[in-house]
Amino acid sequence: MKIKKILIANRSEIAIRIARACREMGIKTVAVYSEIDRNSLHTRYMDEAYYIGKSPASESYLRIDKIIDAALKSGADAIHPGYGFLAENSEFVKECEKNGIIFIGPSRDSIYLLGNKTRARTKMKSSDVPIVPGTTEPVKSYDLLEQEAEKIGYPIMLKAAAGGGGKGIRLVKNESELKSAFEIASSEAKAAFGDDTIYIEKAIINPRHIEVQIARDNHGNSLWFPERECSIQRRHQKVLEESPSAAIDSRLREKIGRTAVKAADAAGYNSVGTVEFLLDEKYNFYFLEVNTRLQVEHPVTEMVTGIDLVKLQIEIAENKPIELTQDDIKLNGHAIECRIYAEDPEKNFRPSPGKVIGLRVPGGIGVRNDNGIYEGAVIPLFYDPIVGKLITWGDSRTQAIERMKRALSEYLVKGIKTTISFHRKILNDQSFIDGSISTEFVDNLLKIKNEPDKRLSEVAVIAAAILSEINKSHIAAGDDNNIKTGSSNWKNFGMRMGLCQQCL
Amino acid sequence: MKIKKILIANRSEIAIRIARACREMGIKTVAVYSEIDRNSLHTRYMDEAYYIGKSPASESYLRIDKIIDAALKSGADAIHPGYGFLAENSEFVKECEKNGIIFIGPSRDSIYLLGNKTRARTKMKSSDVPIVPGTTEPVKSYDLLEQEAEKIGYPIMLKAAAGGGGKGIRLVKNESELKSAFEIASSEAKAAFGDDTIYIEKAIINPRHIEVQIARDNHGNSLWFPERECSIQRRHQKVLEESPSAAIDSRLREKIGRTAVKAADAAGYNSVGTVEFLLDEKYNFYFLEVNTRLQVEHPVTEMVTGIDLVKLQIEIAENKPIELTQDDIKLNGHAIECRIYAEDPEKNFRPSPGKVIGLRVPGGIGVRNDNGIYEGAVIPLFYDPIVGKLITWGDSRTQAIERMKRALSEYLVKGIKTTISFHRKILNDQSFIDGSISTEFVDNLLKIKNEPDKRLSEVAVIAAAILSEINKSHIAAGDDNNIKTGSSNWKNFGMRMGLCQQCL
Amino acid sequence: MYYVGLKEEESKVEVSGRRGSIFDVEIDGKLRQVDFVKAENSYSLIIDGKSYEIDCEKSKNGYDIWMGGNYFQVSVLSEAQKRIQLSKKGKKSGGPQIIETEMPGKIVLVKKVTGETVKKGETVVVLEAMKMQNEILSPKDGTIEEMYVKDAQMVEASDKLFKIK
Amino acid sequence: MYYVGLKEEESKVEVSGRRGSIFDVEIDGKLRQVDFVKAENSYSLIIDGKSYEIDCEKSKNGYDIWMGGNYFQVSVLSEAQKRIQLSKKGKKSGGPQIIETEMPGKIVLVKKVTGETVKKGETVVVLEAMKMQNEILSPKDGTIEEMYVKDAQMVEASDKLFKIK
C-alpha cells in the first residue's frame, strides 16, 4: 500500500529528519506537539500539526491515546515513531494495528522479542549468534543479583532489561559498588522505560562498540550495511560515531554483517534496524542487542552508501520488497557523526537547556547538518539533550576527520552550552586519530588537561581587558560565600519558560 | 613545493569555500578585506586578515598593489584569486611571479591566450576544436560591427572580448536593436573588465549551455569530469546548474570531455578550469570559451565525483602531478546547484542589498550549503549579488530535484530579498522536470503566471487580518502620488551603511 | 472588521476573539480558529490542523506575504479607511507620478529628456548597482514632465528620478 | 589599568586609546593595536594581522572565553578592586558554602544528612533533568551543615541544595 500521509510521533532533529524524507517522497506529514513545542521546528515544518498535551513527555509524546487520536483526525495512513519515546513500545504498535494505522517499524512480535534484552539474549543464543556472557533472565532481587555477580565474576555490567539508548546501565568493578549501582540503574530504568528490571553481563575489557545497520522486508529479503564504530561513549551515551570502523577489515566486515542478518532472520525482523555488538581486543564479537528502530547515528551509513535509510524504512512499511541487492551496498569513503548535546563540557556535561540566541551551522563540501534547532529556539529541559548532529564525509578517514575539525571550528551556538568543543578535543586526540579507541576512550580523554598555547592565552587576556573597558560598570564585586557555577540567567530562564513544579 | 600559507584575494562564499579546503589541508589562510567587509564572514574566518582599502572593488579587491603587499607582509606562499575580481587578470599573475608568490591558477600565458575570447577562438579553430561561427577578431568600430553582423546574419550575440561571468553580452535579433545593444554591452564590458572590446558570434537557436570541468597539471597529465548543464540563465547569468546533463549520454559525454581536454592541451593549461560549449538541437557542440579559474558551479561536479576541486587545484599549483587517472573519475548520482542571489524575483530581480536579519539554511541528507552570509551579515551593494549556493545530491536526477525542492522549502532569509522562490518555480516547471531546457528557459518561465491555490490565498487573507489586528496602528493611510516600489527601509539602510556619493 | 483585498477579490474579515495564540476569525461569514504565533522571523499558522509558515512584510496598503514559494500582495482597509475609499470613488487619480529609485547606485544612462513622450514599459533611466545594470521603466504612457538626474550621477535610495504625466 | 588573571598568572593591562574599532592595549609593558568588533554574537579580534574569533560570557569575576575549542576563565580587577583584594589578603575565606542548583529539575536521591561528613568530590544529591541523572558533588572536605532538599522534590534554578562547612 502506498502511504500518503505519515504522522511523526516525535520531536526535534529526528522528527525533522523523517519529515524531510517524506517531503522528498511526496508524502504528507503530520506533527504532534506538546505545550512547549508550539514554536519548535518540527511543529512548523510539517503539513499538519496537532497539540497533544502538556510539556512533560508522559503527558504528550508518551500518550498513546492522544497520538492515535491525532492520527485518526488527520487521516494519516501510518505513524513513524522516530527513536526514543514510543519507538520500541509494543503496546503502541498494538494500538496502531487496532486502528488500522501502519506502524513504521518492525512487527509487534519482533519488538516484543528484541525489546526485552534478556528475551533477545535467549533467542540469539539459541540461533547461534554469539552473546556476551551473563544472565539470560532478569535478576529478580538484590540478593540474587549478588549471587549472580559473584558467579559471573567482576567487573560486570548492570543493564536495564527494557533498555536502549544508554539509559539504565552501570559498570560495577567490585562488590562494594554493587548496591549503589543497582539503585541508580533501576531508578534510571524505571524513569526511562517504566520498568526497573535489571540483568547482568560480564564486562568486556576495553571493548569496541560495533553495530551493523540491517534492513529486512516482509518478504524475507535482507541487507547489511558497513559497520558503524560507536565506541566513543560517555556514560553509555554515544558521543561520536563513524563508518566504517578503523579496526575492521573487509573480511571481518562481511562476517559481522552476515551475523547481523542472521540475528534479524531469527527475530523475523521486518524494518530497518541495528544489531549491536561488542568487539574485544582479539576481534571476537558478541551480540549485545537489537535496536528495533531508526538510530540516531544512521546518517553515517547514509553518507558512505548513498542510501536514504528512512525512505527504505517507509518502503518496507509499504510492504514493498527491497529492490537493492547486497552487491548494491558499496562502501564509499568514510563518515563521522558528532552528536551535539545541550550540555556544558566545561562543567561536567551538566544539561544546558535554554534559548538559542545565536546559531551558525557549518557548511561546505562534505558536511551534513541534521538539526532540530534554529536561532531563537528554546531547548526544553523535558526531553533528551540532543539538539542536532553534524556529519562529515571524506574519501578517507583522515579526510573525514580533517573535515569534521574544520566544520566544528565553524559551529557557533550562543545561549546554551553544547558539546562542540568536546568534539574538537576528541578529534585532536592522537589515539582517536590513530583509530585505537575503545569504550574507555572518553573517560581517558577527560583525564587529560590540555594547556592552550601562550598566544591564545594572551588574546583572551586582551579581550577580557577590552570588554571590561567597554562594559565598565558590569564588573561584579565578587562574592565568596555562594557558589553559583551557572550563569545568573538560570533563574530568569526558569521563569520565562513558565516552569513550575508540576511541569517536570 | 608544499604551500603553507595562502592569501585568498576574494570575499564572500568563494573566499570561504577556498579557506575551507585550506583548513582541511592544514594550510594557513590570509584574508583581505575592504572597509565594509570588516565584519564579513571571510574576514573573520581566516587565520590572518589585512585591510586593503575602501569598499568599492576598484579601491580594494581590484588593487593588485595592496593585495601583493598583504601577501608579502603575511608571508603567504601563494595567492588564490577565487572567481571574478583578479581571477583572470594576467597583470596580477605577473606581479605574483615578480614577488615570488605562487598564483593558484593557470600560467600567465594560458590566461593571456584564453582570457581574450577572440584570441581563444582563433587558437581553438586552429587546434581542431569546433567554435561558434562569428568573428575571431575584435570589432573595432560600430560601422564594422554593422557590416560583420550583416555578413554573419541575425540573430547574433555581441560579446565582450575580455568577458566572463555573463557580463557584457547581448542578443541582437535584428539590425534595429544593434546600436542600443552595442552601447549597453560595451559599457557593461568597460565597467566589468576595463575593456570595451566587442566581437560577434552567430546566435545558436535554443542552445544548451554545456561545460566541462577539466584539470591539467604542469606535467601534462589531464582529467575531464562529467559535464555540467548550465542552460538555466537569466541575462546570461547562470541561475541553476546540474551535473550530469539530462541531454547527454555516456558516448557524447566522453566525446565532449575529450574535446575539452584537447582545448586545455592546446592552451598549455595547468590548473583546474572549465571549457564551455554550446550544444545545438542536433547535439552538435561548439567551443565558447575557457574559464581559467574555479567556477561558481564547481560543487555539482564535486558532489557527483566525490573529488574536492579546490584541493586538486592547490596541489597542481604545488607542482604535484595529478594522482588520479581518468578511470578514477566516476559519475555517481546527480547534483543540482541553485545560486542564491540578493535580488527580488517579484520586482524584476532588482538588487537587494541590506542586512540579513533572519537566516535558516536547509540541512539534512544530500544538502550542501556554500554560503558567505550569516544572521546579521550586511550584503553590500558594491559587489556581485551572489550570497550563497545551495547544492543537493540524489541517486537520480528525480531525487536530486525532489531534494532541492525540499531544501528550498526550508530556506528562510529575512531582511533582504533572494531568488529562493524563483528557484522553486524552476523546479516545479514541467519542462525542467522533463529535462527539456535551453538557454531560453528562464525567459519562457517568466512569461508564465501561476495562480496559487484557493486555500493558500485564504490563509494569506486571514494572516493579513490578524497582523492588522495585532499592529492596529501600523496601517498606513495610502498615498497615491509617489511610487515607491521598495521598502521604506531603503533610505535608512543607505544611511546606516554610511553610503555616500564617493562610495559607489 | 477588515476589508482584505487579494488580486481582484475582497474579503470581509473579523478578528473577534483571542485566547493566547488562538484567534477567532470570521472570513466571509465562516468562522475559523487560527493558532497564530511568531517564530524565527516568520509566522506559523495552524488552522484546523493544517500548518502554514508565512514570511511577511508590511507594505504600503497592507502586507506582502510569501508562503510555500507563492507571493501575495494583500491590501487591508479598516472600516474607517473603507469609508474614505468609498467616498473617494469616482475621482480618478491620474495625476503626475514621481518615480523614485528604490536603491542607491549610479546613473549610467538617461535615455529620455524633459518633454519627451514615453510608452509604458519603456526604459527611461539605467542605474548600476551590485555590478548589474538596472533599467528603470515608465509605469505608464505619458510625457516626462521633469528629469531629476543626469548621466554618471550617484543617487541614494528614495531619490527622485523623473516625473511623468 | 586592569589586573587580568588567567590560571596562576596575572597581567597588567591598560586600554589606553581607541579609534573606531582599534584599541591601543598595553599588556605587561608591550603595546598592541587591537581591532576589536562584535559580529554574529561573538567577537572578532585582529592583532598584527592575526585574526581570532572568540565567544564570550560575563562571569562572576571576569569573563568566560572560548577560542578555537579552548576555554579560558579570565578574572578582571580594576585598580580599585585590586586594592580591596590586597587589603583583604591574609584573611582566609574558609566559611561555610551554600551549594545551589544551576538548573531546574527533580531531586531523585539525597545521599547525605545534616551532620554527616563528606569528602571533596563525593556525591551529596542526585538531580534529574533532560532525562539524565546529575550527581551534585561536595566542593570540599567538610560537614553537611544543612540539607535544604528532600527526595522527589522539584527545584528551580538557583535553589539552595545544601550548606557545607
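Letters A, B, ... are given to chains in the order of the sequence lines, protein chains preceding strands, and every chain is numbered from 1.
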Novice: Identify the heavy atoms of A/S180 and D/K111 that sit nearest to each other, and give their distance.
Specialist: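 That closest heavy-atom pairing would be OG-NZ, 4.0 Å.
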Novice: Please give me the minimum heavy-atom distance between A/G358 and D/N41, naming the atom from each residue.
Specialist: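 Taking every non-hydrogen atom into account, CA-ND2, 3.4 Å.
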Novice: How about A/K54: does its NZ atom have over 12 heavy atoms from other parts shown lying under 6.0 Å from it?
Specialist: no
Novice: Is the closest basic N to carboxylate O distance between A/E458 and D/R32 below 4.0 Å?
Specialist: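 Answer for the salt bridge query: yes.
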Novice: What's the verdict on side-chain contact (heavy atoms from CB on, under 4.5 Å) for A/I462 and D/F23, showing C-alpha distance, side-chain angles and the deciding distance?
Specialist: CA-CA 10 Å; A/I462 289 173; D/F23 292 78; over 6 Å; no
Novice: If every non-hydrogen atom of D/G69 is compared with every non-hydrogen atom of A/S421, which pair is closest and at what distance?
Specialist: O-CB, 4.0 Å
Novice: Give the member of A/R424, A/E183, A/H423, A/K425 that has the highest number of heavy-atom pairs under 4.5 Å with chain D.
Specialist: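 Max contact count across the listed options: A/R424.
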Novice: Please step through salt bridge (Lys or Arg N to Asp or Glu O under 4.0 Å) for the pair A/R350 and D/E135, ending with a clear verdict.
Specialist: CA-CA 9 Å; A/R350 70 172 188 222; D/E135 304 181 6; over 6 Å; no
Novice: Quick one: does D/K7's side chain get under 4.5 Å of A/E451's, heavy atoms only?
Specialist: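 Heavy-atom side-chain distance check passes, below 4.5 Å.
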Novice: I want to check something: taking the side chain as every heavy atom from C-beta on, are A/L412 and D/S42 in contact at a cut-off of under 4.5 Å?
Specialist: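 Yes - at least one pair of side-chain heavy atoms lies under 4.5 Å apart.
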Novice: For residues A/P452 and D/Y71, determine if any side-chain heavy atom of one lies less than 4.5 Å from a side-chain heavy atom of the other.
Specialist: no
Novice: Are A/N471 and D/Y63 close enough that some pair of their side-chain heavy atoms sits under 4.5 Å apart?
Specialist: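 A/N471 vs D/Y63: side chains touch.
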Novice: With only heavy atoms counted, which part of A/I466 is less than 4.5 Å from chain D, the side chain, the backbone, both or neither?
Specialist: both
Novice: Are side-chain heavy atoms of A/E410 and D/E53 found at a separation under 4.5 Å?
Specialist: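 Result no, sub-4.5 Å side-chain heavy-atom pair not found.
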Novice: Could you pull out the closest heavy-atom pair between D/V15 and A/A465, with the gap in Å?
Specialist: CG2-O, 3.9 Å
Novice: Testing the basics here: between D/E128 and A/A191, what is the closest heavy-atom pair and its distance to 0.1 Å?
Specialist: OE1-CB, 4.0 Å
Novice: Is a side-chain donor or acceptor of A/K414 paired with a backbone partner of D/C56 at a separation under 3.5 angstrom?
Specialist: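 Yes, because the side chain of A/K414 sits within donor-acceptor range (under 3.5 Å) of the backbone of D/C56.
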Novice: Check whether any side-chain heavy atom of A/V461 sits under 4.5 Å from a side-chain heavy atom of D/F72, and report yes or no.
Specialist: no
Novice: Is there a side-chain contact between D/E14 and A/E469, using heavy atoms and a 4.5 Å cut-off?
Specialist: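 Side chain of D/E14 against side chain of A/E469, heavy atoms only: no contact under 4.5 Å found.
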Novice: Using the side-chain contact (heavy atoms from CB on, under 4.5 Å) rule, take D/N134 and A/F349 through it: C-alpha gap first, then chi angles, then the decisive distance, then the call.
Specialist: CA-CA 9 Å; D/N134 302 278; A/F349 297 89; over 6 Å; no
